[in-house]
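Each chain gets a letter, A, B and so on, in the order its sequence line appears, and its residues count up from 1.
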There are 2 protein chains.
Amino acid sequence: MVRAAMDLADESGIESVTMRELGRRLGVEAASLYNHVAGKDDLLDGMVDLVVAEIDLPSSDVDWKEAMRRRAVSAREVFTRHRWGAGLIDSRGRSGPSSLSYADRVLGTLLEAGFSPGIAANAFLALDSYIYGFERQRSSISPADDEDSTEVAQEVLDAIPQDAFPSLACVAMEYATKPYDDAAAFDFGLDLILDGLQRLL
Amino acid sequence: MVRAAMDLADESGIESVTMRELGRRLGVEAASLYNHVAGKDDLLDGMVDLVVAEIDLPSSDVDWKEAMRRRAVSAREVFTRHRWGAGLIDSRGRSGPSSLSYADRVLGTLLEAGFSPGIAANAFLALDSYIYGFERQRSSISPADDEDSTEVAQEVLDAIPQDAFPSLACVAMEYATKPYDDAAAFDFGLDLILDGLQRLL
DNA sequence: ACCTGAACACCGTTCAAGT
DNA sequence: ACCTGAACACCGTTCAAGT
């Protein structure tokens, strides 16, 4: 039933995940759901846990930097599949079983690479802040999948008083010709952080 | 009345900002609020705009790096005053007047520093992803203001099966002795990004 | 111009009652 | 063990009616 809630969120957005709507989907009364779940909070925690479980754990076959990069890319893919994921994880805790083993494996990889416990914790926080933060910005900024990013840039350009916001207009102009590459933008910031961490070793 | 909604959110959390509760505060019926605001969405957009307006715009008296640092620190302070801020901005757009001039000034500072429009856009996105992301993690992870961070670490340590999560236990052990410094953790990642950007110039 | 009262279509949750 | 129906205390929003 947590699965059904995830499907519903994927299709119609997290705001449509309602005990009543979920019951409707499962051909059952909303009240009946309480036989399988303690309440809506419990349901959402279950969804968070399943989403986090979809993120690839850092592999031990490659060096720490490559392992961190792959995990970051995997997280981005998961949040593309489940666009409500990053937001839900942010707004609820990270204390489920999947989150714990995720944190343990990431920290383990960093410790093995030679980072001190304190630096490893800071590095973990910096990386995840960026990964989740990027996703949140994306879901509120980037064009829908079927839209042309250059068209969106053009619309922005038209909507903005260009003399009042010259720099914004300048950047929008740039994207009105070259299409916006989401993955490249993600890699840009990710590499800044990873390269910086490497220099600390 | 947007102001009153902000005070209410500061005191009791964003989830308690309700048309009915807000009306109660203002000594008025919930329905009356619709004479001053188009709907709840409109109200929330207004709150976003006022929060963004509280973030210091990058100063032109200092170099780009210091200007970006100050803006980041200012944002962190604002989100400490309004703990619902980062989440609300993430979940709604960034298209209000304050957000536009904020974006314009940040991009302008980066362009003046010599970054190309494309790099400036990526740098802006990387910095803001980190700033907002850090804040979201913090609000779900860090101890309440009155709690001792070492105590929290100790509790985590007790709650975790240490043999199953050795790396997590190792890091928690670290924070059971040295207290967690929120500002230092923020600066750590911020400097990684800023130093990396400087190297690109 | 602004407010109120009542209504509508929704929520999450509980609980006695059924099978 | 699981489900249903009805109820409760909430939501956002609309609208005729009042001042």
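- Scanning residues 19-31 of chain A for heavy-atom distances under 4.0 Å to DNA chain C yields A/M19, A/R20, A/A31.
- Under the 3.5 Å distance criterion, with hydrogens and angles disregarded, no donor-acceptor pair is assigned to the side chains of B/R94 and B/Y102.
- A donor-acceptor pair under 3.5 Å is formed between the side chain of A/S59 and the backbone N or O of A/D61.
- For the pair B/D42 CG and D/dG12 P, the interatomic distance rounds to 14 Å; values are reported in whole Å.
- Interatomic distance, A/D195 CG to B/L192 CG, rounded to the nearest 0.5 Å: 10.0 Å.
- Among the atoms of the strands shown, base atoms are found under 4.0 Å from some heavy atom of A/S32.
- With a 6.0 Å radius and a threshold of 12 heavy atoms from other residues, nucleotides or ligands, A/E112 has its CD atom at or below the threshold.
- In this structure, B/D41 atom CG and D/dC11 atom C1' are separated by 14 Å, rounded to whole Å.
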Enumerate, atom names and distances included, each donor-acceptor pair closer than 3.5 Å involving a side-chain atom of residues 45-57 of chain A, sequence neighbours excluded.
{"from": "A/D45", "atom 1": "OD1", "to": "A/R92", "atom 2": "NH1", "distance (Å)": "2.4"}
{"from": "A/D49", "atom 1": "OD1", "to": "A/S98", "atom 2": "N", "distance (Å)": "3.0"}
{"from": "A/D49", "atom 1": "OD1", "to": "A/S98", "atom 2": "OG", "distance (Å)": "3.3"}
{"from": "A/D49", "atom 1": "OD2", "to": "A/S98", "atom 2": "OG", "distance (Å)": "3.1"}
{"from": "A/E54", "atom 1": "OE1", "to": "A/R81", "atom 2": "NE", "distance (Å)": "3.3"}
{"from": "A/E54", "atom 1": "OE1", "to": "A/R81", "atom 2": "NH2", "distance (Å)": "3.1"}
{"from": "A/E54", "atom 1": "OE1", "to": "A/H82", "atom 2": "NE2", "distance (Å)": "3.0"}
{"from": "A/E54", "atom 1": "OE2", "to": "A/H82", "atom 2": "NE2", "distance (Å)": "3.1"}

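- No donor-acceptor pair closer than 3.5 Å links the side chain of B/R20 to the backbone N or O of B/A30.
- Distance A/N35 CG to C/dA17 C1': 14 Å, rounded to the nearest Å.
- Listed for the B/T18 side chain is no donor-acceptor partner under 3.5 Å among the backbone atoms of B/E21.
- As rounded to whole Å, 16 Å separates atom C1' of C/dC11 from atom CD of B/E15.
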*Bracket string, DNA chain D, 5' to 3' - pairs by Watson-Crick or G-U geometry under 3.5 Å, | interstrand*: ||.|||||...|||||.||
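- Rounding to whole angstrom units, CG of residue A/L33 and P of C/dC11 are separated by 13 Å.
- Taking atom OH of residue A/Y34 and atom C1' of nucleotide C/dC15, one finds them 13 Å apart after rounding to whole Å.
- Classification of the B/Y130-B/F186 ring pair by plane angle, with boundaries at 30° and 60°, yields parallel.
- Each of D/dG12, C/dC2, C/dC11 was ranked by its minimum atom distance to the side chain of A/T18; first place goes to C/dC11.
- Put simply, the side chain of A/S74 never gets that close to the backbone of A/R70: no donor and acceptor are under 3.5 Å apart.
- For the pair B/H36 NE2 and C/dA1 C1', the computed distance is 9 Å after rounding to whole Å.
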